[in-house]
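Take a look at the structure below.
The analysis underlying the following values was restricted to heavy atoms, covering all of them including side chains, and did not include hydrogens, waters or symmetry mates.
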Amino acid sequence: MPVKRILIAEDEKPMANALSLKLSSAGFEITLVYDGEAAVTAAKKAPFDLIILDLVMPVKDGFFVLEELKKLKISTKVIVSSNLSQEEDIKRAKELGASDYFIKSDTSLAEIVDKVKLAVT
């Protein structure tokens with residue numbers, strides 16, 4: 001079975017590194033980017049099985065990334081990882097194509113790994 005490729009777009013480096021380590025040790029191939037523009041560039045360059053996307057990032061935010069993926073007809077599954085917990089943010093992200101949404105401060109790394117495994121199988 002080919003290794004599943006995951007793009008993590010997260011500007012908080014400790015969180016990005018923790019996710020990367022956890023998911024790598026779970027057998028996934030990880031690409032890390034730290035802003036929305038880099039996320040769009042990476043998604044255009046290579047196919048991913050899943051994108052874990054923060055919403056609040058420098059250069060371009062996660063909503064921009066979701067809009068661009070839609071425009072470019074990149075149908076990679078996206079799980080939003082954010083501390084924005086307002087109902088309208090969650091609704092907007094899902095309307096723009098996010099398949100799942102979790103609040104970083106309320107979700108353990110183990111739970112995130114489980115969500116990722118479910119999303120890519």
Side-chain angles (χ1 to χ4, degrees):
M1 192 163 99
V3 173
K4 299 288 186 182
R5 301 185 68 233
I6 299 175
L7 173 63
I8 300 174
E10 167 64 66
D11 66 316
E12 293 174 40
K13 290 197 166 84
M15 177 67 175
N17 292 333
L19 272 173
S20 178
L21 282 171
K22 257 318 204 197
L23 290 168
S24 293
S25 65
F28 297 102
E29 184 183 312
I30 305 300
T31 299
L32 269 180
V33 295
Y34 303 105
D35 67 68
E37 204 164 275
V40 172
T41 301
K44 283 198 283 193
K45 271 191 201 152
F48 289 91
D49 297 293
L50 181 71
I51 299 171
I52 298 177
L53 180 65
D54 187 10
L55 290 178
V56 182
M57 292 185 291
V59 190
K60 302 286 186 194
D61 68 11
F63 292 117
F64 169 85
V65 175
L66 287 166
E67 287 164 1
E68 284 298 296
L69 293 175
K70 203 176 224 179
K71 259 190 237 161
L72 296 164
K73 295 186 176 20
I74 295 172
S75 59
T76 306
K77 244 187 199 172
V78 178
I79 294 178
V80 170
S81 153
S82 182
N83 279 321
L84 294 179
S85 57
Q86 301 296 324
E87 201 52 54
E88 56 268 23
D89 293 321
I90 297 168
K91 186 173 179 261
R92 183 174 171 210
K94 290 200 169 177
E95 283 170 356
L96 287 169
S99 63
D100 201 352
Y101 191 111
F102 64 86
I103 311 301
K104 284 190 267 191
S105 56
D106 298 347
T107 313
S108 71
L109 285 173
E111 287 175 274
I112 296 168
V113 172
D114 289 344
K115 280 181 183 279
V116 167
K117 285 179 179 172
L118 275 173
V120 296
T121 49

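- No salt bridge links K77 with D100; every basic N to acidic carboxylate O contact stays at or beyond 4.0 Å.
- Taking the side chain as every heavy atom from C-beta outward, L50 and V116 approach each other to under 4.5 Å.
- Contact of the Y101 side chain with the L55 side chain is registered, since non-hydrogen atoms from C-beta on lie closer than 4.5 Å.
- Taking NZ of K94 as the start and CG of D89 as the end, the distance is 13.0 Å to the nearest 0.5 Å.
- Looking only at side-chain heavy atoms (C-beta outward), L69 and V65 come within less than 4.5 Å of each other.
- Across A39 and L7, no two heavy atoms sit closer than the pair O-CD2, 3.6 Å.
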Check: residues 16-24 side-chain donor-acceptor pairs under 3.5 Å, at least two apart:
unit_1: N17; atom_1: ND2; unit_2: K13; atom_2: O; d: 3.2
unit_1: S24; atom_1: OG; unit_2: S20; atom_2: O; d: 2.8

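- Side-chain atoms of L66 and V78, non-hydrogen and from C-beta on, do get closer than 4.5 Å to each other.
- Here side-chain hydrogen bond (donor to acceptor under 3.5 Å, both in side chains) pairs that include residues 27-52, with residues two or more places apart or in two chains, are R5-E29.
- One finds a salt bridge joining K91 and E95 here, because a Lys/Arg side-chain nitrogen approaches an Asp/Glu carboxylate oxygen to under 4.0 Å.
- Pairing each heavy atom of S105 with each of N83, the nearest pair is N-OD1, 3.0 Å.
- Salt bridge present: E67 and R92 bring a charged side-chain N and a carboxylate O closer than 4.0 Å.
- Of all non-hydrogen atoms in S81 and I52, the two that sit nearest each other are CB-CG2, 3.8 Å.
- Proximity of D61 to M57: side-chain heavy atoms (C-beta onward) are nowhere separated by under 4.5 Å.
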Next item on the list: Decide yes or no on salt bridge (charged side-chain N to carboxylate O under 4.0 Å, His left out) for K104 and E10, but give the supporting numbers first.
Entry: CA-CA 11 Å; K104 284 190 267 191; E10 167 64 66; 2.9 Å; yes

